[in-house]
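Heads up, the thing below is written out as structure tokens.
Here is the naming used below: chain letters follow the sequence lines, and residue numbers restart at 1 for every chain.
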Number of protein chains: 2
Amino acid sequence: MELSEYLADVAGDVDLAIHRYFGTPYGELAKASAHLLTAGGKRLRPAMLFLAADTVKKGAAFELMPAALAVELIHSFTLIHDDIMDQDAERRGVPTVHTLWDEPTAILAGDVLYAQAFEFLCRAPATDNARVRAVSLLARTCAEICNGQHQDMSFEDQAEVSEVEYLEMVRKKTGSLYAASASIGAILAGARPVQADALYQFGLTTGIAFQIQDDLIDLTVPSSVSGKDRGSDLREGKKTIIAIRAMEKGISLPQGPLSDDEVEKVVKNLEEAGVIADVRETAERILGTGKACLGVIPESEEKRLLVSLGDHFLERGS
Amino acid sequence: MELSEYLADVAGDVDLAIHRYFGTPYGELAKASAHLLTAGGKRLRPAMLFLAADTVKKGAAFELMPAALAVELIHSFTLIHDDIMDQDAERRGVPTVHTLWDEPTAILAGDVLYAQAFEFLCRAPATDNARVRAVSLLARTCAEICNGQHQDMSFEDQAEVSEVEYLEMVRKKTGSLYAASASIGAILAGARPVQADALYQFGLTTGIAFQIQDDLIDLTVPSSVSGKDRGSDLREGKKTIIAIRAMEKGISLPQGPLSDDEVEKVVKNLEEAGVIADVRETAERILGTGKACLGVIPESEEKRLLVSLGDHFLERGS
């Protein structure tokens, strides 16, 4: 099976399950909670969870939809709260929750999904011991995501951000939930600790690579392909790994309103200085350390798909 | 042992544990999370959890501090988020989190406590099955609290609120966490489902009684005794059970700025019409149904204290 086919299947299944549980919300708060969740998304964290489970025990993923929903709900909750904090008006082509309703409702909508994630996780068919370990890991992960988001916001007030700080922030804000998705899938499938840890590490590096690729997409991929507002990180003066590397090489990046041509010029400048290639190489190197952990996982079709999911994170253009 | 002595002991122990885990926060987000938690509080939910555990198995409470912290953390998280929604500037005699820091940090500070509550609960020494049931119950409870808070906010836009709606809101917003505290204590102590359910019901009714007494305190107890801003519900036109009952009797309550004498006059009016006594009786009746559930719990010193904790909720003046 091709990865693209597998991802489409998973997205279809997850969408169906989400539609079943959240498709007919009763009351304004339930509607606000369901809004982003039902607006689509690539469902990559569920895919990570399913594949990790299947690498541990073939067929285990089949029953783990409640756990897959749990990680997707946590993702959705963080988006709702982040959108309030960042005062973003749009996400996934629809108005954000606090824009459609109001901030109090958006805070509560996120809080409800947060709770429901733990409810779903407790419903996953697995041993009680596995479920406790999965809950504990998800809770630890949520605290890390919050810390990552806080660190990301504090970068705005920092004159300079080091690469170590950037990678630390990305590890927490983006990496940890991919790590938890893989590890929770493994734990619920009955993985030995050494396997669950290996899949955690793999998930973590895919998540970091994912964010670095996001930074690259923002700068290098035309809006028509990415579906995103090209150069927005540049205009906002975001301290991405590209900006940090550029600074190290003494390249000063323009800020504020920039035309497409001006963005293009910056990219060309960065390409000539080797910054783009360097950043890409860093992402590959990080992902490589994650792949190297997978030696404890027996070879299988699912393992091959899992590795290509990591590669896909670095190859995607949207 | 007197209840007051027991409560003082529990508060001391909980304060000590909180100080140990949250007393030396590292970083602004950790400080914001710890702010309200370390500012005091009566620690009534931990007391409920400990007593319920001990009624099921004498001495069980001794090891359940992690679970007691879990319910206290959930309480603290809801206060931080509620204060943002209600735009309150002060709580427990200290500035609220979003006032001292900012709204984004306050949202995250609450989210972090939310996660840590589940982490603590997973650490409680009990069977894995008991821990999964406890986590599941706490998660369901958090969703209920959010729904209750949303309902409470929506009352402001409702011309009329019925007593059924009011009691539904209070059950969710205040009752459910007391219910969960009692039930989680019981579950972790190894209670049979029938006992855990009975303690859930008891906790639920104490929580509802607690809130009704809060409404009564706001109106009838001088600020010097309650430590609260007397008559604030009246001034804000809050749809408390007292306001609802007054409306039913055709008594129109004044709103806006009111002197102490004017509040006193309203109280006298309500007392003469029998509203105050009626409301008090309702609270007693609700609590009575909870006490009636405790037949499945064997008699003990701890059960006596648990029942008096319920009574205390209705007798307290602050």
Side-chain angles (χ1 to χ4, degrees), chain A residues 26-30 32-33 70 74 77-78 80-82 84-87 101-124 126-151 153-154, chain B residues 26-30 32-33 70 74 77-78 80-82 84-87 101-124 126-151 153-154:
Chain A
Y26 176 74
E28 283 308 304
L29 184 56
S33 286
I74 290 294
F77 129 67
T78 62
I80 295 175
H81 281 191
D82 284 4
I84 305 172
M85 295 180 224
D86 301 339
Q87 295 287 316
W101 284 270
D102 49 38
E103 287 194 15
T105 304
I107 292 174
L108 286 173
D111 290 345
V112 167
L113 291 178
Y114 204 154
Q116 289 173 325
F118 284 95
E119 275 190 78
F120 273 113
L121 190 52
C122 287
R123 277 198 241 163
T127 64
D128 288 329
N129 182 260
R131 289 192 284 178
V132 170
R133 282 190 293 143
V135 165
S136 186
L137 176 54
L138 188 64
R140 231 163 32 240
T141 303
C142 290
E144 280 207 307
I145 296 170
C146 296
N147 276 297
Q149 165 69 1
H150 187 259
Q151 200 173 357
M153 290 193 304
S154 70
Chain B
Y26 176 74
E28 282 310 304
L29 184 56
S33 286
I74 290 294
F77 130 66
T78 62
I80 294 175
H81 281 191
D82 283 4
I84 305 173
M85 297 179 221
D86 302 339
Q87 294 289 316
W101 284 271
D102 48 38
E103 288 193 15
T105 304
I107 292 174
L108 286 174
D111 289 345
V112 167
L113 290 178
Y114 204 153
Q116 288 173 325
F118 284 95
E119 274 190 78
F120 273 112
L121 190 51
C122 286
R123 277 198 241 161
T127 64
D128 287 328
N129 183 261
R131 289 192 282 178
V132 170
R133 284 190 292 143
V135 166
S136 186
L137 176 54
L138 188 64
R140 233 164 30 243
T141 302
C142 290
E144 280 207 307
I145 296 170
C146 296
N147 276 298
Q149 164 69 0
H150 187 259
Q151 200 172 355
M153 290 193 304
S154 70

*Select, from B/E144, B/R140, B/R131, the one with the greatest count of heavy-atom pairs under 4.5 Å involving chain A.*
B/R140

*Using a cut-off of under 4.5 Å on heavy-atom pairs, state which of B/P104, B/A30, B/S154 scores highest against chain A.*
B/P104

*Can you name the nearest heavy-atom pair linking B/V132 to A/D128, along with the distance?*
CG2-O, 3.7 Å

*Name the region of B/D82, side chain, backbone, both or neither, that has any atom closer than 4.5 Å to a heavy atom of chain A.*
neither

*Hey, does B/I107 have a side-chain heavy atom less than 4.5 Å from the side chain of A/I107?*
yes

*Locate the shortest heavy-atom distance separating B/A143 from A/A115; write the atom from each residue and the value.*
N-CB, 3.6 Å

*What part of A/L29 is in contact with chain B, defined as an atom under 4.5 angstrom from a non-hydrogen atom: side chain, backbone, both or neither?*
both

*Please round to the nearest 0.5 Å and tell me the distance separating atom CG of A/N129 and atom CG of B/N129.*
11.5 Å

*asked:* With side-chain hydrogen bond (donor to acceptor under 3.5 Å, both in side chains) as the rule and sequence neighbours excluded, what pairs involving residues 110-123 of chain B come up?
replied: A/H81-B/D111

*asked:* For a side-chain contact (heavy atoms from CB on, under 4.5 Å) check, start with the C-alpha distance between A/H150 and B/T105, then their side-chain angles and the critical distance, and finish with the verdict.
replied: CA-CA 7 Å; A/H150 187 259; B/T105 304; 3.9 Å; yes

_Measuring from atom CD of A/Q151 to atom CG of B/L108, what distance do you get when rounded to the nearest 0.5 angstrom?_
12.0 Å

*Could you look at B/F120 and say if it's the side chain, the backbone, both or neither that has a heavy atom under 4.5 Å from chain A?*
neither

